[in-house]
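In what follows, a structure is listed as structure tokens, so that the remarks can point back to it.
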Amino acid sequence: MSATIPPAPPAREEAQAILTINLGALVENWRTLSRIARGAECAAVVKADAYGIGLEPAVQALSKAGCKTFFVAHASEARRTRATLGTGGARIYVLNGLLADADVAQSLIASDATPIIGSQEEWSTWRALAPQRPCALHIDTGMNRLGASADEARIIAADANASAIDLVMSHFVASEESDNALNARQISAFDGLRGLFANAPASMANSSGILLASKPHYDLVRPGYALYGGNASPGLPNPMRPVVTLDAPILRVRPVKAGATVGYNATWTARRDSVLAAIGVGYADGLLRSASGAHGARAGEAIIGGVRCPFAGRVSMDIIVIDATDAPKEALKPGAMGRLLGDEITVDDLAHRAGTIGYEILTSLGRRYHRVYVS
Ligand SMILES: *Cc1c(COP(=O)(O)O)cnc(C)c1O
């Protein structure tokens with residue numbers, strides 16, 4: 001195996017923007033979800049670098065708070081999670097399973113991680129390579145993505161001894177839509193099949209699933225998004241605390257006359273004499289280009305001197321121009337910070353303005369930020 005050293009994130013004095021990650025809020029969100037799902041164990045989904053906030057700090061904070069079960073997607077994430085947790089104690093489940101591949105299986109064994117298998121092929125691979133080790137089973141109930149079909153689940157059940165499967169799970173298609181009829185249909189399909197594995201604890205709920213009125217919590221819940229401050233019940237008040245704050249410095253302040261255009265392709269025209277502030281963050285840092293500012297369309301915003309100011313023109317790779325005409329003058333100088341994410345502009349808010357979901361905002365957070373972890 002060739003080892004490469006990942007480049008360290010930029011130091012404070014090198015970075016154009018600062019990402020502050022509140023691990024205290026992360027832990028508080030986990031405790032809130034544990035309370036809501038009380039009676040069930042509350043795990044933590046830390047795939048994709050803990051939704052962009054950093055796998056190691058997230059795992060460390062949650063483990064210290066008492067979280068005993070972690071879900072990742074890839075073998076490499078399992079390895080990093082195990083290195084952070086140390087041996088023994090906490091369990092690591094790997095959502096993307098084994099790929100029915102012996103090398104992946106060996107990597108999981110080395111990390112003392114448990115694959116979530118979803119096919120007969122994966123089942124046979126794991127049984128052959130790790131006969132003493134349990135695995136988890138994902139039963140598909142309508143996503144048609146990963147997971148065993150009902151027929152495959154029956155075949156595996158007939159072949160499995162009682163201790164071979166230590167978690168049986170399924171995944172919601174649309175749990176953030178609390179009135180979607182698919183939720184009840186999936187729960188009923190799951191209830192019809194999980195009895196095949198009567199000794200195994202069961203798990204169904206992601207963040208939004210935890211908040212469903214029908215409380216499909218079973219034995220273990222698997223929140224991701226809500227842990228990181230996302231609103232898992234869109235349209236209702238968010239019971240979670242924001243975890244990320246993003247600040248970027250003003251690089252240039254420029255007064256312009258009405259009629260001046262801004263940025264690539266001149267998609268924005270000043271309708272009045274305006275003050276523009278160029279800030280040092282762009283789509284290469286995860287500020288999606290689809291949040292570009294055009295009159296009449298929902299554009300991204302930055303808070304400058306306490307005032308919400310819209311993006312003006314195209315988001316470019318390293319720079320966004322803000323229409324800061326309404327910001328207080330004293331806040332408009334190079335080096336002063338504009339806030340792009342935080343208590344006021346939430347991940348869900350920016351996502352809405354970029355035409356996407358907060359999950360994509362979080363997991364797109366760039367590698368050029370100076371990162372500050374606070375608790
Ligand atoms: C990502 C994922 C989760 C977590 O979902 P959130 O909506 O982020 O809470 C849970 N279960 C599975 C199978 C997943 O892939």
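In this text, all values refer to a predicted model and were calculated from it rather than measured experimentally. Every number for a ligand or one of its atoms is a count from 1 in the order of the listing. We're numbering straight along the sequence, starting at 1.
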Main-chain N/O of A294 paired with R314 side-chain donor or acceptor, under 3.5 Å
no
In chain-and-number order, ligand 1 lies under 4.0 Å from a heavy atom of each of V45, K47, Y51, L95, R145, M169, H171, N206, S207, R222, P223, G224, Y225, Y359
message = Strictly below 4.0 Å, N to O, side chains only: are D343 and R241 in salt-bridge contact?
response = no
Interatomic distance, CZ@R194 vs CD1@I165, rounded to 0.5 Å, equals 14.5 Å
E177 side chain to A174 main-chain N or O, any donor-acceptor pair under 3.5 Å?
no
Q: Measure the shortest side-chain to side-chain distance between T245 and N22 over non-hydrogen atoms and say whether it is less than 4.5 angstrom.
A: no
Problem - Heavy-atom check, side chain of L108 versus side chain of T114, under 4.5 Å - result: no
